[in-house]
There are 2 protein chains.
Amino acid sequence: MDDPLVCVVDDDDAVRLSMSLLIETLGLPVQSFASALDVLADEEALRQAHCLVLDVRMPGLSGVGLQERLSRLGHPLPIIFVSAHGDVPMVARAMREGAFDFLQKPFNEQVLLDRVQEAVQFAAAQRAARGWLAEIQARIDSLTARESDVMAGMVAGRLNKQIAEGLGISIKTVEQHRARVMEKLQVDSLAELVRLVVGVGWSAESKNGQ
Amino acid sequence: MDDPLVCVVDDDDAVRLSMSLLIETLGLPVQSFASALDVLADEEALRQAHCLVLDVRMPGLSGVGLQERLSRLGHPLPIIFVSAHGDVPMVARAMREGAFDFLQKPFNEQVLLDRVQEAVQFAAAQRAARGWLAEIQARIDSLTARESDVMAGMVAGRLNKQIAEGLGISIKTVEQHRARVMEKLQVDSLAELVRLVVGVGWSAESKNGQ
DNA sequence: GCCAAATTTAGCGATATCACCAAATCCGGC
DNA sequence: GCCGGATTTGGTGATATCGCTAAATTTGGC
């Protein structure tokens, strides 16, 4: 369910086919699309996709348009643009927006293969990291409101006494919550907790204030 | 000593002058160079530089060549390329290597100004972050070998007893070092220490092993 | 209204940490 | 050989944390 998939998008049937065949020589599964909208419609493919090989100029939604849509969906996916009509501003814009590369047709086949391989590798690493963050985030989300409050105090380096004072509750209660936080986060030291929590980009803006 | 400086590099005197004058309308100090090598030779300018406006095609060292040199020197500096002869592979390469933008001549003056302003702002933020990291790193470097060992244990979440056991010393010694670590790092809680230390990308590869 | 979960508080004993103190030893440089 | 910093160990008392158990109260949903 997490196999790398390469999606090729080009409105030219011949080009699409030849690129697909070429990339398949890497041993990677390839799915091809005739338009950018077809890609957006295929959620399954988007989930599996580790790399997008995208023609810039296409009828309907352009390659750059698709890039923008995906970006807005918070769907970080390495995109390799391929174009015969690329001009400087277009390339610069695409790259600024995070494109993985921009190749000009006719391109060297080996270059495309190399870039695709790099992109897939990059995406795989990115997915692994994302999965780990999601796991941690899930643990944090499993905390109750009060437990979150206490965790904030712990990460801030406050003593139980100070946390209790800040929340207007007794030290014993804080101890109780503290123990449950450690349990739910599956850590057995404050240091581990802090590393976990700062690792997911936590700061103190979830839903607590004290 | 940390004033933003914009460096303009172009072998064409007229272009160099007009770009310099244009950028100066932003109220930023500008220094212009006729060749890439001149920039590399001016260490003072490189220190002050918050942004490089660089012609790609120049006799001697090219703009891309300069970018590569600076990159190898570990000198992260936002570079805005300006070129009349930009082709797709060149732009893609420059952007992949971290260029801030790539503008084609003749360019819209306002676009250049906007990008320069963004780049300077970016560089300023980057410098601030770098300065902070350097400050923390200096504190960590001021630790003695043994103190570093103990700090590693603290960040790893080990108890003083375990650290002592691992290092083959008494708990009392660990407590002593621990106190000095907190003092030197200027923190007053373990949580703060961990945040500081993981913030500088520390992991356990400095010079300790236990 | 009842049930389940969340929140709250408590006691107790074992451990750990903290903040002082003082001092012996070791090692490299002048 | 002497000096200073680094490393080491010890004492003592106050505080804090940990792990366990137990239970009262509140809250929200069926």
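Lettering follows sequence order; numbering is per chain, from 1.
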Which nucleotide wins on minimum distance to the side chain of [X], given the candidates [options]?
| X | options | answer |
| --- | --- | --- |
| Ala145(A) | dC18(C), dT7(D), dT7(C) | dT7(C) |
| Arg146(B) | dT8(C), dT17(C), dT7(D) | dT7(D) |
| Ile169(B) | dT9(D), dT17(C), dC18(D) | dT9(D) |
| His177(A) | dT7(D), dT8(C), dA19(C) | dT8(C) |
| Glu175(B) | dA6(D), dC18(C), dT8(C) | dC18(C) |

What is the separation between atom [atom1] on [X] and atom [atom2] on [N], rounded to the nearest whole Å?
| X | N | atom1 | atom2 | value |
| --- | --- | --- | --- | --- |
| Asp188(A) | dA16(C) | CG | P | 14 Å |
| Lys172(A) | dG19(D) | NZ | C1' | 10 Å |
| Leu159(A) | dT15(D) | CG | P | 12 Å |
| Ile171(B) | dA16(C) | CD1 | P | 7 Å |
| Glu147(B) | dA6(D) | CD | P | 7 Å |
| Ile163(A) | dA16(D) | CD1 | C1' | 12 Å |
| Lys161(A) | dT17(D) | NZ | P | 9 Å |
| Gln176(B) | dG5(D) | CD | P | 15 Å |

Discussion item. Please confirm whether the shortest side-chain N or O distance from Asn160(B) to OP1 or OP2 of dT17(C) is below 4.0 Å.
Written reply: yes

Worksheet item: Taking only N and O in the side chain of Thr144(B), is any of them less than 4.0 Å away from OP1 or OP2 of dA6(D)?
Response: no

Worksheet item: Does Thr173(A) or Lys184(A) map to a spot on DNA chain C nearer the 5' end, using the closest nucleotide for each?
Response: Lys184(A)

Practice prompt. With DNA chain C as reference, determine whether Gly168(A) or Arg178(B) sits nearer its 5' end, using the nearest nucleotide of each.
Written response: Gly168(A)

Fill in: Other residues, nucleotides, ligands: >12 heavy atoms within 6.0 Å of Glu175(B) CD
yes

Worksheet item: Within the distance-only criterion (no hydrogens, no angle test), does the side chain of Gln117(A) pair as donor or acceptor with the backbone N or O of Leu26(A) below 3.5 angstrom?
Response: no

Worksheet entry | Under 3.5 Å: donor-acceptor pair, side chain of Arg139(A), backbone of Lys184(A) | no

Worksheet item: Roughly how far, to the nearest 0.5 Å, is CG of Asp149(B) from CD1 of Ile163(B)?
Response: 10.0 Å

Discussion item. If you assign Ser142(B) and Ser170(B) each to the DNA chain D nucleotide with the nearest heavy atom, which residue ends up on the more 5' nucleotide?
Written reply: Ser142(B)

Worksheet item: Going by distance alone, is a donor N or O of one side chain under 3.5 Å from an acceptor N or O of the other, for Thr144(B) and Glu147(B)?
Response: yes

